[in-house]
*Asks:* 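I have a structure here, written as structure tokens, and I will follow up with some questions on it.
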Protein chains: 2
Amino acid sequence: MSITNNYELYKVFYWAAKTGSLSQAAKALYITQPSVSHAIKQLEDSFGITLFYRTSRGVSLTQEGSLLYSYVEQSQIFIALAEEKMAALKNLDSGELRIGGSDSLFKHFLLPYLEEYHRKYPGIRLHLNHGTTPEVITFLKEGRIDLGVVRLPIVDPQLEVRESIQLQDCFVAGERYAELRDKTLSLPELMEYPVILFSRNSRARMTITELFQSYGHKLKPEIEVGSVDLLIEFARRGLGISYVTREFVSQELDNGSLFEIKLDVDIPPSHLGTMTMRNMPLTSAATRFLEMV
Amino acid sequence: MSITNNYELYKVFYWAAKTGSLSQAAKALYITQPSVSHAIKQLEDSFGITLFYRTSRGVSLTQEGSLLYSYVEQSQIFIALAEEKMAALKNLDSGELRIGGSDSLFKHFLLPYLEEYHRKYPGIRLHLNHGTTPEVITFLKEGRIDLGVVRLPIVDPQLEVRESIQLQDCFVAGERYAELRDKTLSLPELMEYPVILFSRNSRARMTITELFQSYGHKLKPEIEVGSVDLLIEFARRGLGISYVTREFVSQELDNGSLFEIKLDVDIPPSHLGTMTMRNMPLTSAATRFLEMV
DNA sequence: TGTTTGTTATAGACATGGTCTATATCTCCT
DNA sequence: AGGAGATATAGACCATGTCTATAACAAACA
């Protein structure tokens, strides 16, 4: 343990030494001169060493006082830096924000938010970790990210989930299958065409597979690809019918390079949400981001 | 000024982070766990930032807490070093002692004390500054030495003088003037012989010059030398009669290589003393040395 | 030389706030 | 289910840090 039981004394000492005057130190510390005088005396008594020469023009350090000052000064400098840093963190002038999610969500959903956030808080360093939903959950639990953006539902008592916008998945095709443009297909009819699915174990793929299963069908994709962009590109080139999120292909639907295939069953909408660790405090940076989304 | 008005909080934070437990921090700081809990909350509130994750197994730093810790740790290390240093100074395990005086006093009077002091407190660095009495006084006033050892009297209200041992100056000669061994000389008779004096404006020389003057004589030395050793050596070789301090030639008087010349007037004894600045605190090292002398 | 203006030191009153005890709450582990 | 051990909360108390008032002193100044 320490000799003095009050580190405040070092602050007073620091200012007294720095200003060379107990009165000035008192001003700087917003206390009265007798308080400073008293504090210095306490410090001196605790060491049994005189730290200042007192004159009628102020105080000056003794040999020993100078030695003490050289250490205390460093200490105070670090404290000052620490407080600066904390203030910067609070003001979102610095810090970092680590987000987990899939690449497609980053690109099609989060990008505008990320841009706005970065514009508003250029001091915050953004870290994006892509992964599947279970991977993102693992990242969260390991403390490697501050928040995750995934498709719902997520059922995990350790996680706090905030529902965000709703997405509608659908099947789309390009010019090659123009004959289907105004038709309404049943699931078996659809299955006669080559279906393109996301290759990885994504929540979207699980959803559609389960939908088919609930009607007694087994959906086998003709083609599996590794990114949403490829799903879109393959459909446009007529390689098959892709299962995509409608909101992510709005541009292609508008300009006609893709069209949605109507089905005689409803594909349930999926919800997007953010998740964070329950009972774990968030950084200011993360809190602010969640407010935006 | 600082954000927090109590640097104590950093100490608590430091220990909480270091031990990873509020309870353990409380033990280390000899306070109770609720106090620590309260202190941490204060710190967090002052920043508006959560610093710890609380679990039922203790606490761990948040991202921001870690950042704060990296600064606070440095600060605390410097404080610990400072307290160590102060303790060492107090124990006389380190520090320095700066003494001013004439070379002859160092050699003939102070040497045994210095040796003992150095043996007892090997951590204290000794600085010896030689000079005449007025120079030593200047050194003192400029703060370049802690204490001076000089011949008295010294009259200076700024100085605090402690009388030490008494010295007796006298004239001595060697074999060459053996005829004077049992005689008692008057001042005019002495003046017929070549007199060797210290060249510099020393107090000893002033004293003897004034003594002659008070009897209406003007003492003109045949030879002037720059050190007490030369005064002795010249007298032994028969170059003249040296005015020296009896205590400094006791060895030569004992072995007969020099003898004292008796005079029909008394040379007033001179006192040796230590002087320090009045109203200026002394270092522990200096205080201890003064106690020894 | 007395006066003013600055400094630090001292004394004593007061009230802030840090610390305590007691208790609650929660998690993990047996 | 219960125990052990962690942190959080509430409220009381009193230590101590701060204040006001004043003294003492030195330097600058008129």
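Chain A is the first sequence line, chain B the second, and so forth, proteins listed ahead of strands; every chain is numbered from 1.
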*Asks:* How many whole angstroms separate atom CG of Asp45(B) from atom P of dG18(C)?
*Replies:* 12 Å

*Asks:* Nearest heavy-atom pair of Ile40(B) and Phe13(B): which atoms, and what distance?
*Replies:* CD1-CA, 3.7 Å

*Asks:* Need one value for Val36(B): base, sugar-phosphate or nothing, where a base atom within 4.0 Å counts as base even if backbone is also close, heavy atoms only.
*Replies:* nothing

*Asks:* So which nucleotide from dG17(D), dT18(D), dT19(C) ends up closest to the side chain of Ile31(A)?
*Replies:* dT18(D)

*Asks:* In whole angstrom, give the distance that lies between atom CD of Glu44(B) and atom P of dT7(D).
*Replies:* 13 Å

*Asks:* In whole angstroms, how far is the C1' atom of dT7(D) from the CG atom of Leu51(B)?
*Replies:* 15 Å

*Asks:* Quick check on Arg162(A): does its CZ atom have over 12 non-hydrogen neighbours (other residues, nucleotides or ligands) under 6.0 Å away?
*Replies:* yes

*Asks:* Any N or O donor-acceptor pair linking the side chain of Gln33(B) to the base of dA6(D) at under 3.5 Å?
*Replies:* no

*Asks:* From C-beta outward on Ser21(A), which listed nucleotide comes closest to its side chain: dT8(C), dG18(C), dT19(C)?
*Replies:* dT8(C)

*Asks:* Given 3.5 Å as the limit, does a donor-acceptor pair link the side chain of Arg144(B) with the main chain of Arg98(B), or not?
*Replies:* no

*Asks:* Can you tell me the distance, in whole Å, between the NE2 atom of His38(A) and the P atom of dA21(D)?
*Replies:* 19 Å

*Asks:* When you check the phosphate oxygens OP1 and OP2 of dT10(C), does a side-chain N or O of Lys41(A) lie under 4.0 Å from one of them?
*Replies:* yes

*Asks:* Any ring-ring contact (aromatic ring centres under 6.0 Å, His included) pairs touching residues 132-158 of chain B, not counting sequence neighbours?
*Replies:* none

*Asks:* Sequence neighbours left out, what passes side chain to side chain contact (heavy atoms under 4.5 Å, CB included) with Leu128(A)? Give chain and number order.
*Replies:* Ile99(A), Phe106(A), Leu114(A)

*Asks:* Between protein and nucleotides 10-14 of chain D, what N or O pairs are separated by less than 3.5 Å?
*Replies:*
none

*Asks:* Compare every heavy atom of Thr62(A) with every heavy atom of Pro281(B), then report the nearest pair and how far apart it is.
*Replies:* CG-CG2, 4.1 Å

*Asks:* Going by side-chain hydrogen bond (donor to acceptor under 3.5 Å, both in side chains), name the residues that satisfy it together with Arg54(A), two or more places apart in sequence or in a different chain.
*Replies:* Glu44(A)

*Asks:* With a 4.0 Å cutoff (strictly under), does any side-chain N or O of Thr32(B) reach OP1 or OP2 of dC20(C)?
*Replies:* yes

*Asks:* Which ones in residues 61-70 of chain A lie close to DNA chain C, meaning a heavy atom under 4.0 Å from one of its atoms?
*Replies:* none

*Asks:* In whole Å, what is the span from the CD atom of Gln42(A) to the P atom of dT10(C)?
*Replies:* 14 Å

*Asks:* Under 4.5 Å between any side-chain heavy atoms of Lys120(B) and Arg288(B), yes or no?
*Replies:* yes

*Asks:* Specify the closest pair of heavy atoms between Ala39(A) and Val12(A), including all atoms of both residues, with the distance to one decimal.
*Replies:* CB-CG1, 3.8 Å

*Asks:* Is there a side-chain contact between Ser23(B) and the phosphate of dT7(D), meaning an N or O under 4.0 Å from OP1 or OP2?
*Replies:* yes

*Asks:* Could you tell me how far apart Glu8(B) (CD) and dT16(D) (C1') are, to the nearest whole angstrom?
*Replies:* 12 Å

*Asks:* Is there a donor-acceptor pair under 3.5 Å between the side chain of Tyr117(A) and the backbone N or O of Ala285(A)?
*Replies:* yes

*Asks:* Which heavy atom of Leu43(B) sits nearest a heavy atom of Tyr10(B), and at what distance?
*Replies:* CD1-CE2, 4.1 Å

*Asks:* Give the B/S/- string for nucleotides 25-30 of chain D, one per nucleotide from 5' to 3', where a protein heavy atom under 4.0 Å of the base yields B, of only the sugar-phosphate yields S, and otherwise -.
*Replies:* -SS---

*Asks:* Rounded off to whole Å, could you give me the CD1-to-P distance for the Ile40(B) and dG18(C) pair?
*Replies:* 13 Å

*Asks:* In whole Å, what is the span from the CG atom of Leu9(A) to the P atom of dT16(D)?
*Replies:* 12 Å

*Asks:* Less than 4.5 Å apart, side chain to side chain, heavy atoms only: is that true for Tyr69(B) and Lys18(B)?
*Replies:* yes

